[in-house]
Amino acid sequence: MVSLQPVRGTHDLLVDDKRRHVHVEETARAIAARYGFEEISTPIFEFTEVFARTLGETSDIVTKEMYTFDDKSGESITLRPEGTAGVARAFISGGLQQSLPLKLFYRGPMFRRERPQKGRQRQFHQVGVELLGPDKPMADAEVIAMGADFLAELGLAGKIVCEINTLGDTESRNAYRDILVGYFNDFHDRLSEDSLIRLKKNPLRVLDSKDEEDKAVVAGAPTMADSLNDASRRFFDDLLASLEAVGVAYEINHKLVRGLDYYCHTAFEFTTDALGAQGTVLAGGRYDGLIKQMGGPPTAGVGWAAGVERLAMLVDEPPARPRPVALVPVGADTQDKAFTIAFELRRAGLTVDMGYSGNLKKRMNRANKVNAVAAVILGSEEMERGLATVRDMESGEQTEVPFSELLPHMARYR
RNA sequence: GUGGCUGUAGCUCAGUUGGUUAGAGCACCUGGUUGUGGUCCAGGGGGUCGUCGGUUCAAAUCCGAUCAGCCACCCCA
């Protein structure tokens, strides 16, 4: 019995759930297309190196959350824990620097071996975008605005806020890190165990600790803003101005940091309080150093990824599926004719459902179950007279329609 | 990886201090209607009570382990 359960943290997407997912993915793709982004796919597994090198050797994802295995050639393979590294790798191996700037959209499953909880699974799905080439804040603004539009299109504008911060360039970030470490070292005895570890591995992350005592210490900490050099400051100011110009509401959050090493300058998160502890629904930032670090040509980039499961939980109802016309043959001798009519209607663009067995009552029952708009009833008597009975499932009204007029008559149910 | 809560029919859940054949609603199937759905009425199928082990004359009920789910920490979409 145990073997018939899905693996922990994985889920089947049965029809209703799948519809919600598709709705989220399709609106993301539609919005991305509106911004000139084209969809690509990269493999769901890569050589382990691709992720280990780019995500940062100390990140939690690399150290404890990757699904890594040796394949038969002895190569270490990893199921992708996120999308950007694979896209960057594809950019390099595909020689895409010739077609910059590149606007890419992707969607698909990601894998992280975490303890499941609300909004967190071991196999989950993301939609994401990457804008490669431009190093101007206008690009960041475009990408963030696209995220905001996407969420608005899903009807989530009121439930979600956009938080934004800057990590500055390398110089600014290093300067800030030193100041921050100096500050936190004075509070060594007040910081939580977790934060002491963060202080060593990634000091910026102490900033978003949930521990109450840590928060008190963090409240008095110097902010990134004070450590920004002129270029970084201007970059951030220009970005904010661009966002305002296109009407994207945001909140600056000086404590917002990103978990992955490759980010610089812009970091942003769209969050909600409707999902418990996992409130981040769409997040991203700028990663100018990533592609070079992987061995490619120096190439700037900005992007984000959004969690499809989390968004699907927030969306009220996906659009209803189209209501079909039901074909209802009565008696074996009308089967073939009904089958033919079903195809004619389908080829005319109608959604048609025809069952495989059952008497009139059963078939009407099924018509009702599939929420049919109309039923085309065909008995031997009708067939002899060269017509079918069309029943409007809403009103219950029935009309006899000659075969020759069936297509135009049914057009209203399209 | 750590902690708390939970596991009874396809789904949502009852199940009284351990005590006979484990229940309800919804869903499903059949009939009332030999060519007419949704409503209504009547009937029916379906559970080794997550799994394994223990305590007991007796376990869905108590104990242990294990698996899974949920929630939180951690981390993140």
Side-chain angles (χ1 to χ4, degrees), chain A residues 1-11 14 16 24 28 55 58-65 81-84 107-128 147 151 192-195 197-198 201-202 205 208-211 256-260 268-272 275-284 303-314 326 328-331 334 355 358-383 389-398:
Chain A
M1 223 25 170
V2 171
S3 62
L4 293 182
Q5 289 174 334
V7 173
R8 174 168 229 186
T10 68
H11 294 277
L14 303 182
D16 285 347
V24 170
L55 299 178
T58 61
S59 76
D60 276 39
I61 290 182
V62 170
T63 53
K64 49 190 194 196
E65 294 176 2
E82 58 94 47
T84 303
R107 56 170 155 181
M110 306 293 167
F111 305 85
R112 260 124 90 159
R113 200 185 179 293
E114 303 176 275
R115 190 86 174 261
Q117 72 181 75
K118 190 179 179 73
R120 199 170 75 179
Q121 304 171 203
R122 290 184 172 183
Q123 176 175 343
F124 61 105
H125 298 78
Q126 289 186 335
V127 292
L151 299 174
S192 67
E193 238 174 274
D194 283 332
S195 281
I197 295 169
R198 293 187 186 107
K201 276 168 53 178
N202 190 344
R205 258 192 259 167
D208 67 354
S209 171
K210 288 179 186 172
D211 183 273
L256 174 63
V257 294
R258 308 265 56 231
L260 309 180
F268 58 92
E269 279 184 12
F270 288 77
T271 59
T272 176
L275 286 181
Q278 310 300 324
T280 302
V281 113
L282 183 153
W304 50 251
V308 176
E309 281 79 4
R310 291 182 186 179
L311 289 172
M313 284 191 279
L314 293 175
V328 181
V330 186
T334 61
N359 58 21
L360 179 59
K361 185 185 169 106
K362 273 185 188 159
R363 286 174 184 271
M364 287 304 290
N365 222 309
R366 176 176 167 83
N368 193 56
K369 232 172 274 177
V370 298
N371 195 25
V373 258
V376 176
I377 301 166
L378 185 63
S380 32
E381 186 207 338
E382 278 109 330
M383 212 162 78
T389 299
V390 176
R391 180 183 179 88
D392 186 292
M393 294 297 282
E394 220 52 64
S395 64
E397 251 174 71
Q398 300 198 163

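Numbers restart at 1 for each chain; the letters A, B, ... are given by sequence-line order, proteins then strands. Please read all numbers here as calculations on a predicted model, not as lab measurements.
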Please state whether the phosphate of B:U36, meaning OP1 or OP2, lies under 4.0 angstrom from any side-chain nitrogen or oxygen of A:K362.
no
Looking only at the side chain of A:D194 (C-beta and beyond, no hydrogens), which of the listed nucleotides B:C74, B:A77, B:G69 gets closest?
B:C74
At under 4.0 Å between heavy atoms, what does A:R363 touch on the DNA or RNA strands: base, sugar-phosphate, or nothing?
nothing
Could you tell me whether the side chains of A:E269 and A:T280 share a donor-acceptor contact shorter than 3.5 Å?
yes
A:Q121 near the nucleic acid: base, sugar-phosphate alone, or nothing, with a heavy-atom cut-off under 4.0 Å?
base
Polar side chain donor-acceptor pair, A:T10 to A:Q123, under 3.5 angstrom
no
A:K210, nearest nucleotide to its side chain (from B:C75, B:G35, B:U30)
B:C75
Across the strands shown, which category fits A:R107 at heavy-atom distances under 4.0 angstrom: base, sugar-phosphate, nothing?
nothing
When we call it a touch if two heavy atoms are under 4.0 Å apart, what does A:E269 touch: a base, just sugar-phosphate, or nothing?
nothing
With sugar-phosphate meaning primed atoms plus P, OP1 and OP2, does A:A367 contact a base, only sugar-phosphate, or nothing at under 4.0 Å between heavy atoms?
nothing
Report all interatomic pairs (protein N or O, nucleotide N or O of nucleotides 38-47 of chain B) with separations under 3.5 Å.
unit_1 : atom_1 : unit_2 : atom_2 : d
B:G38  : O4'    : A:N368 : ND2    : 2.9

Check every atom of B:C74, B:U36, B:C70 against the side chain of A:Q117 and return the nucleotide holding the closest atom.
B:C74
Nearest-angstrom distance, C1' atom, B:G54 to B:C75:
39 Å
May I ask you to say what A:I377 touches in the nucleic acid, namely base, sugar-phosphate or nothing, with a heavy-atom cut-off under 4.0 Å?
base
For nucleotides 1-5 of chain B, which of its nitrogen or oxygen atoms have a protein nitrogen or oxygen under 3.5 Å away, and what is each distance?
unit_1 : atom_1 : unit_2 : atom_2 : d
B:U2   : O4     : A:R115 : NH1    : 2.4

RNA chain B: 5'-proximal contact among A:G307 and A:K369 (nearest heavy atom):
A:K369
Just compare B:G35, B:A77, B:G37 and give me whichever is closest to any side-chain atom of A:V330.
B:G35
Between B:A77, B:C28, B:C75, spot the one nearest the side chain of A:Q126, thanks.
B:A77
With heavy atoms under 4.0 Å as the rule, sort A:E82 into base, sugar-phosphate or nothing.
nothing
Look at all strands and tell whether A:G331 reaches a base, only sugar-phosphate, or nothing, counting heavy atoms closer than 4.0 Å.
nothing
Return the 5'-most residue of the pair A:A372, A:S209 with respect to RNA chain B, ranking by each residue's nearest nucleotide.
A:A372
